[in-house]
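Since the structure is predicted, the reported quantities are computational estimates derived from the model, not experimental observations. Each chain gets a letter, A, B and so on, in the order its sequence line appears, and its residues count up from 1.
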2 protein chains.
Amino acid sequence: MAKAHKRDRRVTISDLAQAAGYSKTAVSFAFNDPGRISAKAFGIITETAKKIGYVPSPTARHLSLQRHQAIGLLLPQQVDTALQNPYIVHIIQGLGMACHDDTYTISLIPPIEESLSEAVRRAAVDGLITLGMHAEMRAVEVMEQRRIPFVTIDGIPSDMMPCVNSSDEQAAYDIMKLVLSFGHRTIAVVSIAGEGEPPKSYDRSVIELRMQGYLRALQEEGVPFDSPDLSIYEQECSLAGGAAAAHVIMKESCRPTVVVCMSDIMAIGCQLELLKLGIQVPDEISLVGHDDIDMASAVAPGITTVRQPGRMKGLVAAQMLLQLIAEAPLEQSRVTVPYSIIKRGSLCQRS
Amino acid sequence: MAKAHKRDRRVTISDLAQAAGYSKTAVSFAFNDPGRISAKAFGIITETAKKIGYVPSPTARHLSLQRHQAIGLLLPQQVDTALQNPYIVHIIQGLGMACHDDTYTISLIPPIEESLSEAVRRAAVDGLITLGMHAEMRAVEVMEQRRIPFVTIDGIPSDMMPCVNSSDEQAAYDIMKLVLSFGHRTIAVVSIAGEGEPPKSYDRSVIELRMQGYLRALQEEGVPFDSPDLSIYEQECSLAGGAAAAHVIMKESCRPTVVVCMSDIMAIGCQLELLKLGIQVPDEISLVGHDDIDMASAVAPGITTVRQPGRMKGLVAAQMLLQLIAEAPLEQSRVTVPYSIIKRGSLCQRS
DNA sequence: TTGTAGGCGTTATCAA
DNA sequence: TTGATAACGCCTACAA
């Protein structure tokens, strides 16, 4: 009567111990370290377990072991919004690759009522991956209080926080250099308009870094910021934004020979619109993008672009995190993953 | 000496209770039900909490409350593979939309050593979303033993298991009907080759249902299965598979006027290859696909296709699951989410 | 090899 | 309003 008052209680280790005629310890061993009990005991216990339908409670194990076998990805926005960004999907894939062998699970953790720190408080994970500078101080504080290790992707390299970055500035510099090497001198740059706080797809700092890279390359070639040959636009990061850019550009008195877009999605939108307007791409106007999303290789001509190594970043970050969780020392706490430039048909020699 | 032997123990509710000069109960109330203690007590406790850096342990709460505030998505493959399928990404977005308000977290749960049931055993979630028929019996058994509610997406409607489906057969029927209404009578169908056990992107049953839908429509219009005007191919579900289809089709003595592909990715691959071969799309050969992936609207001409309501399915499934978790009755345990046909440029009147 | 008992950090019950 | 104390279900020294 003391215990069996609820008919549909889930079956616990005690139930199994009783049913099998062994102690809880024996049962525990049967599941976690069979070598420590007799073969007979093991047989009886597993048999009985099957019979009465016993499944060890993960939660109880977690509490007891102080470990979840899970890592979390702290998202700057709600899940549905975040996953609209293919880059984030790539990162998750990378995390998955790293977690595969160690059978860690991945938790998608959006802010709770706008608050990342609140999300961190409640996260039942062994470690966290953080995106961008959104690792606001409050959240970092909580992670430290909770002693949860974390690795930041695309964060601002600082302090002792482990992070995985790619050289955005350099990548932008490189592709602009490529553009210039093709003889282009009348250039339109389409930057990303940052609407709202957390920009839909990109961190503000990334946008700035890319712009700096562009300008550095231009400067080197003697195209200063205020050159009449250089026009800079800001558009929403979408196909529509790219299309809008196409229209604006066509109205320019001094039409550019190349459009340098800060994202493939805009480049593709722009290219489709230019084609629709009867402009030959790349013959009349060349185009380059950024990110190498799937679509970039699917459109005709393919978009010359910079490949964001999202998967690689996720993979490396997760590996580092797993190290930290295991309390193993990190070889390096600041990793830079290389970009690569993908050459396709959208960029050609200036005609 | 009994307790304070570890210097870096994380601070617990007892520590706070002691530091604040109240009982654990009072502390618990301060965090969960402040109305039940005096304002003064609340003030002191929260103040002290901040000072000593106390954060309630989620795990301990989970064990105590028997609830995780998390749902899991049971993936048929590893995370990186699964997320290559945009349809699955859409589903996750849908889950995210549903979880937003209730601040549930989403766990991505891949099989553990090929075993879904093992993954279910260890999942620390309040409920599970299951994909396709991959909810093999063993996994279902474990869910029942653990008393974890679940909802299946694209599963085989059966028994009492709640599920969210879309009428694949009907959708295929509809698009084939559309094709026929445009006057096409010489038709190539490109089906999906099922390589390996869990097909890369599609459940076997979905493929069969779509084929059935195609055939039903054809039959109605007097194009029987063995008509010389109908040729059926099987290709890998990829751009390359579509391209391969294009080549095979062009070698046919009786060239079709339309290619009906079971997936957009194949349709796009096919279209790009046809264009490369100098075939006019849609004038010489029309094309239709299935799924309405992002790319389908980006290529030129756009692919006429059937929109897989992935987000909607995820949303509905998660809402149902949340109901089940709350032990609220389900309005209906079998929901069918409607497809819609998206008309774009790739399909035109037979010339 | 097996069992006893204490700990993991909360929440919930029920007196005081 | 407050505070002991018993769950929650498992793991694991330590003892037998």
Practice item. Would you indicate, yes or no, if D/dA4 has its OP1 or OP2 atom less than 4.0 angstrom from a side-chain nitrogen or oxygen of B/Tyr22? Key: no

Exercise for review: May I ask you to evaluate whether A/Ser23 reaches the phosphate of C/dG3, defined as a side-chain N or O under 4.0 Å from OP1 or OP2?
Suggested key: yes

Check your understanding: What integer distance in Å separates B/Ile13:CD1 from C/dC8:P?
Key -> 14 Å

Check your understanding: Side chain of B/Thr25: nearest nucleotide among D/dT5, D/dT2, D/dC10?
Key -> D/dT5

Exercise for review: Name the nucleic acid region contacted by B/Leu65, choosing base, sugar-phosphate or nothing; use a 4.0 angstrom heavy-atom cut-off, strictly under.
Suggested key: sugar-phosphate

Check your understanding: Between D/dT1 atom P and B/Ile37 atom CD1, what is the distance in whole Å?
Key -> 10 Å

Review point. With a 6.0 Å cut-off on ring centres, are B/Phe42 and B/Tyr22 close enough?
Key: no

Revision key, fill the gap. In whole angstroms, the gap separating C1' of D/dC8 from CZ of B/Arg147 amounts to 16 Å

Practice item. Using a 4.0 Å heavy-atom cut-off across all strands, classify A/Tyr54 as base, sugar-phosphate, or nothing. Key: sugar-phosphate

Review point. Is the number of heavy atoms from other residues, nucleotides or ligands within 6.0 Å of CD (B/Gln145) greater than 12?
Key: yes

Review point. How would you label the contact of A/Val11 with the nucleic acid (heavy atoms, under 4.0 Å): base, sugar-phosphate, or nothing?
Key: nothing

Check your understanding: Does a nitrogen or oxygen in the side chain of A/Arg61 sit under 4.0 Å from OP1 or OP2 of D/dC11?
Key -> yes

Point to revise | Donor-acceptor pair, side chain of B/Asp80 and main chain of A/Gly94, under 3.5 angstrom | key: no

Point to revise | Residue whose nearest DNA chain C nucleotide is more 5′ - A/Lys24 or A/Phe29 | key: A/Phe29

Check your understanding: Counting only heavy atoms not in A/Gln18, do more than 12 sit closer than 6.0 Å to its CD atom?
Key -> no

Point to revise | d(CG, A/Asp33; P, D/dA13) in whole Å | key: 11 Å

Practice item. Map B/Arg36 and B/Ser64 onto DNA chain D by nearest heavy atom, then report which one ends up closer to the 5' terminus. Key: B/Arg36

Review point. Picking from A/Val151, A/Asn165, A/Leu330, A/Val316, what satisfies side-chain contact (heavy atoms from CB on, under 4.5 Å) with A/Val335?
Key: A/Val316

Review point. Is any side-chain nitrogen or oxygen of B/Gln66 closer than 4.0 Å to OP1 or OP2 of C/dT11?
Key: no

Exercise for review: Report the distance from atom CG of A/Asp15 to atom C1' of D/dC8, rounded to the nearest whole Å.
Suggested key: 13 Å

Check your understanding: C/dT2 phosphate, OP1 or OP2: any side-chain N/O from A/Ser38 under 4.0 angstrom?
Key -> yes

Review point. Once you round it to whole Å, what is the distance between C1' of C/dT10 and CZ of A/Arg146?
Key: 13 Å

Point to revise | Rounded distance (Å) that lies between atom P of D/dG9 and atom CZ of A/Arg10 | key: 7 Å

Review point. Between atom NE2 in B/His68 and atom P in D/dG9, what is the gap in whole Å?
Key: 11 Å

